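The structure appears below as structure tokens.
All values derive from a computational prediction rather than experimental measurement. The chains referred to below are lettered A, B, ... by the order of the sequence lines, with proteins before strands, and numbering in each begins at 1.
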Amino acid sequence: MSTATTPRQVTEVPFWFGTATIFRREFLAFFTTPVAAIFMVIFLVMSGVMTFNVSRLVDPQGQAALRGFFNWHPWLYLFLVPALSMRLWADEHRLGTLELLTTLPLSMMDLVLGKFLAAWAFASVVLAMTFPVWLTVSYLGDPDHGVIAAGYVGSVLLAGGFLAVGSAVSASSHNQVVAFVVSVAACFFLLLTGWGPVQSFFKGWLPPALSDLLAAISFLSHFVDSFVRGVIDARDLVFFATVIAAGLWITGLLLQGKRRR
Amino acid sequence: MAASPLIQARSLVKQFGSFRAVDDVDLQVFPGEVVGFLGPNGAGKTTTMRMVTGYLMPTSGTASLAGMDIATHPREAKRHLGYLPEGAPAYPDMRVEEFLRFVARARGLRGAEVRAGVNRASDLLELGKVRRQTVETLSKGFKRRVGFAQALLHDPSILILDEPTDGLDPNQKHEVRGLIRRMGEEGGKAIVLSTHILEEVEAVCNRAVVIHRGKTVFDGTPEALDQRAPAKVTRNRLDHVFRELTQDQAPQAGNKDDEVAA
């Protein structure tokens, strides 16, 4: 076979092609890692157990709107989403493949967005696999399908917010375990600032502006108080979009920082 | 020799804290040149390569590939580059074929181009037997060859190879060296390879660059490098020159490795 360099016409590729290439590799990689399988099994089993045994599936008003089901999602995601996000960048650092990726003709945005979207798509696929819960309540009662659909939209956004936080944490570490623990802590903080008892604790001694701000950045209030009740509010959509954009922007900055060292 | 260099690095400096890893290195590589990049461990070879390929940002200085500045036009510059990073990193759970297809797509190849590129690179590096294996099951030599194949998928005009023959057995070394030489001579590529095996430079390269403590201490043909050894040194002449260039004191004549004519 000839080794001669034929000046290959560099064909212009569409702008999304790089992101799509990274997305494809990362998404398929989830199906070969045990962590993803564990995520899937634990999420499906726990969401079922919590919904049917701990919370009452059909709430007292008889509106089987799956509130009990969705109310558990923030707490399940708290431990499961960091398990998905921890390997995103920590593994690239450890394997040395970050050097390969950053010397390919791809932009940092292709890398960051491709990986994030792959993890988000995987989490969404797992969430979609809970559809038997929806079928069950439809069979047992007469649920408000609009409210349930809003709950699913909110749950997808919630997972995206956690993943964006986890992506930034993973970009700062060579160690998956460190990335996992720090992500859980960061997500826990972002949940708790909106939890009633914690809010009243902060109100006791923080200036009102600051305690309101803490309440406003909580993932919990933007999910439980709105989507789960069937309300899709533009403010909540903007909130999660902002969290995701900020998380990915910080991820990019951290990775650029590694190249500057 | 063509007028414009394919690799052009000017006054590259890399400072890690108080340590200056690369100190004002210039490098020009023209089509058809195969440059052996030599130096002791820690001399700054890998750091220089990482700056030229755009992985590390230089503290100061510039690098361009095929006339495109790596800092201001990174994607255009990197399209002309095939790079084998130190340690030949690859995803352990991917099959060799999947990995090569992924890199081919990331380099902008599509459809039939991907297949053609993967087949061509696999043939050149003789990966036929392991194409269906996952990277983690490969021997060190095969892993290195997968890393090399990955750099050839898009038939780039510039190749930067960090220790391409490390971990290969003597037969494989011979074949890979032949491949590199042909790609320079017949293919007209600009090739830089780092190594600490001095015979490799004589066997493959038509130019040698030696760096020591981040500075270029020699840049010329392998013959010129050899000429620097005193006539009385009859064996391991390159070793002698290498030590002379990269040790802080000159080696003593009569060192047991050099058979000194009486």
Q | Partner chain A: residue of B/Ile70, B/Leu56, B/Thr53 with the largest heavy-atom pair count (under 4.5 Å) | A | B/Leu56
Q) Counting only heavy atoms not in B/Arg10, do more than 12 sit closer than 6.0 Å to its CZ atom? A) no
Q) Tell me, side chain or backbone of B/Pro85 under 4.5 Å from chain A's heavy atoms, or both, or neither? A) both
Q.
I need the A/Leu28 CG to B/Asp93 CG distance, nearest 0.5 Å.
A. 11.0 Å
Q | Residue-level interface, residues 132-141 of chain B with chain A, non-hydrogen cut-off under 4.5 Å | A | none
Q) Take atom CH2 in A/Trp75; do more than 12 heavy atoms of anything else shown fall under 6.0 Å from it? A) yes
Q. Around A/Phe188, counting heavy atoms of other residues, nucleotides and ligands shown, do more than 12 lie under 6.0 Å from its CZ?
A. no
Q: Please flag which part of B/Glu98 lies under 4.5 Å from any non-hydrogen atom of chain A: side chain, backbone, both or neither.
A: neither
(Q) For B/Ala90, which atoms come within 4.5 Å of any heavy atom of chain A: side chain, backbone, both, or neither? (A) backbone
Q. Checking B/Met94 against chain A: side chain, backbone, both or neither under 4.5 Å from a heavy atom?
A. side chain
Q.
Can you tell me which portion of B/Leu81 sits under 4.5 Å from chain A's heavy atoms? Options are side chain, backbone, both or neither.
A. side chain
Q: Check whether more than 12 heavy atoms from other residues, nucleotides or ligands sit under 6.0 Å from atom CE of B/Met57, and answer yes or no.
A: yes
Q.
Is the shortest side-chain heavy-atom distance between A/Leu95 and B/Pro89 below 4.5 Å?
A. no
**Q.** B/Thr46 side, atom OG1; A/Glu99 side, atom CD - distance, nearest 0.5 Å
**A.** 8.0 Å
Q: Against chain B, label A/Gln256 side chain, backbone, both or neither, depending on which of its atoms sit under 4.5 Å from a heavy atom there.
A: both
Q: Using heavy atoms and a sub-4.5 Å threshold, report which of residues 100-120 of chain A line up against chain B, by residue number.
A: A/Leu100, A/Leu101, A/Thr102, A/Thr103, A/Leu104, A/Pro105, A/Leu106, A/Ser107, A/Asp110
Q: Kindly indicate whether the side chain of A/Lys258, heavy atoms from C-beta on, has any atom under 4.5 Å from the side chain of B/Tyr55.
A: no
Q) Of all of B/Phe102, B/Tyr83, B/Tyr91, B/Phe16, which one pairs up most often with chain A through heavy atoms under 4.5 Å apart? A) B/Tyr91
Q. What is the minimum heavy-atom distance between A/Arg260 and B/Lys14, and which atoms define it?
A. O-NZ, 2.9 Å
(Q) Is B/Phe99 close to chain A through its backbone or its side chain, or both, or neither, when contacts mean heavy atoms under 4.5 Å? (A) side chain
Q.
Quick check on the interface: out of B/Gly87, B/Gly54, B/Ala106, who has the most heavy-atom pairs with chain A under 4.5 Å?
A. B/Ala106
Q: Determine whether A/Arg24 and B/Arg105 make a side-chain contact, defined as any pair of heavy atoms from C-beta on separated by less than 4.5 Å.
A: yes
